[in-house]
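Worksheet: the structure to be examined is printed underneath.
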There are 2 protein chains.
Amino acid sequence: MALRHAVLAALLDSDFSGYQLAKAFDVGVANFWHALPQQLYTELAKLEKEGLVAGREVVQHGRPNKRVFTVTGAGVAELERFAAAEPKPTFIRDDLLVKVQAADRVGAGHVVRQLDERAAAATTRIAAFEALLARLRGDQAEDDYLRHGTRIGPYLTCLRGLALERETREWCTGTASVLRAREAAHAEQI
Amino acid sequence: MALRHAVLAALLDSDFSGYQLAKAFDVGVANFWHALPQQLYTELAKLEKEGLVAGREVVQHGRPNKRVFTVTGAGVAELERFAAAEPKPTFIRDDLLVKVQAADRVGAGHVVRQLDERAAAATTRIAAFEALLARLRGDQAEDDYLRHGTRIGPYLTCLRGLALERETREWCTGTASVLRAREAAHAEQI
DNA sequence: ACTGGCATGTAAATCGTTACATGATTCT
DNA sequence: AGAATCATGTAACGATTTACATGCCAGT
């Protein structure tokens, strides 16, 4: 039972419907918690039944109605308990790294292509994070915002996401060029 | 069916028993694939039944005997297929980041402590990675090793792990000091 | 005698992914 | 008319975690 805390933490920032939450988990939240839309729908239903979130119908014009959810007092209390508990070890799974681990024993061609693609995706995400951070801090300088701003949590996690994406891009480009150089050297020997 | 590829990639490097593999997944492999020992035992049994790895008994003196596993030709072929397939999105879950996301709404005290602990753990891991990298490359310079060395895959993934841990340490110390400064400022207002 | 590390599994309960299912509205 | 986006769910299957279970050997 851990997805629930990620959902509660995401809802602290603003109320979301299942669909909007899925979008959030696709961008910002994705830096520290991976979940598919179907999980969010079922988790929200469970959280509502347990009284940790409250849903209400929002009538919309020009698009289907939706149900948005707010964290209740009991939900905040649950987050408090979670914050005090020992964190579980970081959970990472990355196909691409598995492929690099095996790169000297299987054909490196596909892996190099996938590294290039990942680096390009990282560039897009870096720009998105920079824009999001600028939007969150508004016209304040970063130092000021970190000291006195509201919504400091999302800002700090975005900073982490940004740093991670920059690291990802550097590692992918570096690794791709190492593997390419080795393929070229190998080709020369033939 | 993805744990199997991480297991196969780890076994390319050298033969391991279930127990040894669990240790590897606790240190080096943990940077890109999280798995518990119980999973590895069951996965090895499945892989053996399917002929992707071959096990053999190793008689030991002074400790219980063990079964070590080698990747078969079919296992390498399976890895080739995996390398050519599109990678699944990176899967990350980190309790600590969820807590930071919520840090302006729940008590920050525990979170600050956990950030300090994570930074300290990162320091330990950084030293372990540096030692492992030095051992892998032996007396060669890094450039040379990257161009001509064997076992380049594990070296590249360790480089990634090292960069990630350094980033983790910086972010944790920075975030802890931001949260501490805000708590101090809040206390003054009372 | 006890602790800690080595060594391997099974079973039950929970969690996560994939496939299936539906339907409105806007834009091209 | 068709594609894209908004919007929400259920059911079956597969994967993961937790609890249970066992036993050897070395060092203190």
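So that the names make sense, note that chain A is the first sequence line, chain B the second, and so on, each numbered from 1.
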Which residue pairs pass the ring pair (Phe, Tyr, Trp, His ring centres under 6.0 Å) test when at least one of the two sits in residues 117-152 of chain A, sequence neighbours left out? A:Y145-A:Y155
To the nearest Å, give me how far apart CD (B:Q60) and P (C:dG5) are. 17 Å
Check: residues 163-171 of chain A side-chain donor-acceptor pairs under 3.5 Å, at least two apart:
{"from": "A:R166", "atom 1": "NH2", "to": "A:E130", "atom 2": "OE2", "distance (Å)": "2.7"}
{"from": "A:E167", "atom 1": "OE1", "to": "B:R160", "atom 2": "NH1", "distance (Å)": "2.8"}
{"from": "A:T168", "atom 1": "OG1", "to": "A:L164", "atom 2": "O", "distance (Å)": "2.9"}
{"from": "A:T168", "atom 1": "OG1", "to": "B:R160", "atom 2": "NH1", "distance (Å)": "3.3"}
{"from": "A:T168", "atom 1": "OG1", "to": "B:R160", "atom 2": "NH2", "distance (Å)": "3.4"}
{"from": "A:R169", "atom 1": "NH1", "to": "A:T123", "atom 2": "OG1", "distance (Å)": "3.3"}
{"from": "A:W171", "atom 1": "NE1", "to": "A:T175", "atom 2": "OG1", "distance (Å)": "3.3"}
{"from": "A:W171", "atom 1": "NE1", "to": "B:L156", "atom 2": "O", "distance (Å)": "3.1"}

What string of B, S and - do you get for nucleotides 10-22 of chain D, 5' to 3', if B is base contact, S is sugar-phosphate-only contact and - is no contact with any protein heavy atom under 4.0 Å? B----SSBBB---
Scan nucleotides 22-28 of chain C nucleotide by nucleotide, 5' to 3', and note B when protein non-hydrogen atoms come under 4.0 Å of the base, S if they reach only the sugar-phosphate, - if neither. -B-SS--
Heavy-atom pair with the smallest gap, counting every atom of A:C158 and A:L132: SG-CD2, 3.5 Å
Which whole-number value in Å describes the distance from A:L40 CG to D:dT8 C1'? 12 Å
For the CZ atom of A:R93 and the CG atom of B:L3, what is their distance to the nearest 0.5 Å? 6.0 Å
Just grab all the ring pair (Phe, Tyr, Trp, His ring centres under 6.0 Å) pairs involving residues 53-88 of chain A, residues at least two apart or on different chains. A:H5-A:F82
Of the residues in residues 14-28 of chain A, which ones touch DNA chain D at a heavy-atom distance under 4.0 Å? A:S17, A:G18, A:Y19, A:K23
A:L97 side chain near B:N31 side chain, heavy-atom distance below 4.5 Å: no
With sequence neighbours excluded, tell me which residues meet salt bridge (charged side-chain N to carboxylate O under 4.0 Å, His left out) with B:D94. B:R118
Would you mind reading off the distance between A:R67 atom CZ and D:dG9 atom C1', rounded to a whole angstrom? 12 Å
Side-chain donor-acceptor pairs of residues 50-58 of chain B under 3.5 Å, sequence neighbours excluded:
{"from": "B:E50", "atom 1": "OE1", "to": "B:R4", "atom 2": "NH1", "distance (Å)": "3.0"}
{"from": "B:E50", "atom 1": "OE1", "to": "B:R4", "atom 2": "NH2", "distance (Å)": "3.4"}
{"from": "B:E50", "atom 1": "OE2", "to": "B:R4", "atom 2": "NH2", "distance (Å)": "3.2"}
{"from": "B:R56", "atom 1": "NH2", "to": "B:D15", "atom 2": "OD2", "distance (Å)": "2.8"}

Does B:R105 have more than 12 heavy atoms from other residues, nucleotides or ligands lying within 6.0 Å of its CZ? no
Rounding to 10°, can you tell me the angle the first-five-pair axis of the helix from C:dA1-D:dT28 to C:dT28-D:dA1 makes with its last-five-pair axis? 30°
Sequence neighbours excluded, every pair satisfying ring pair (Phe, Tyr, Trp, His ring centres under 6.0 Å) that has a member inside residues 86-113 of chain B: A:H34-B:F91, A:F91-B:F91
Salt bridge (charged side-chain N to carboxylate O under 4.0 Å, His left out) filter on A:D13, not counting sequence neighbours, yields A:R151
Can you list the residues that meet the side chain to side chain contact (heavy atoms under 4.5 Å, CB included) rule with A:R63, with sequence neighbours excluded? A:Q60
Gap between atom CD of A:E80 and atom CD of A:E78 - 0.5 Å precision: 10.5 Å
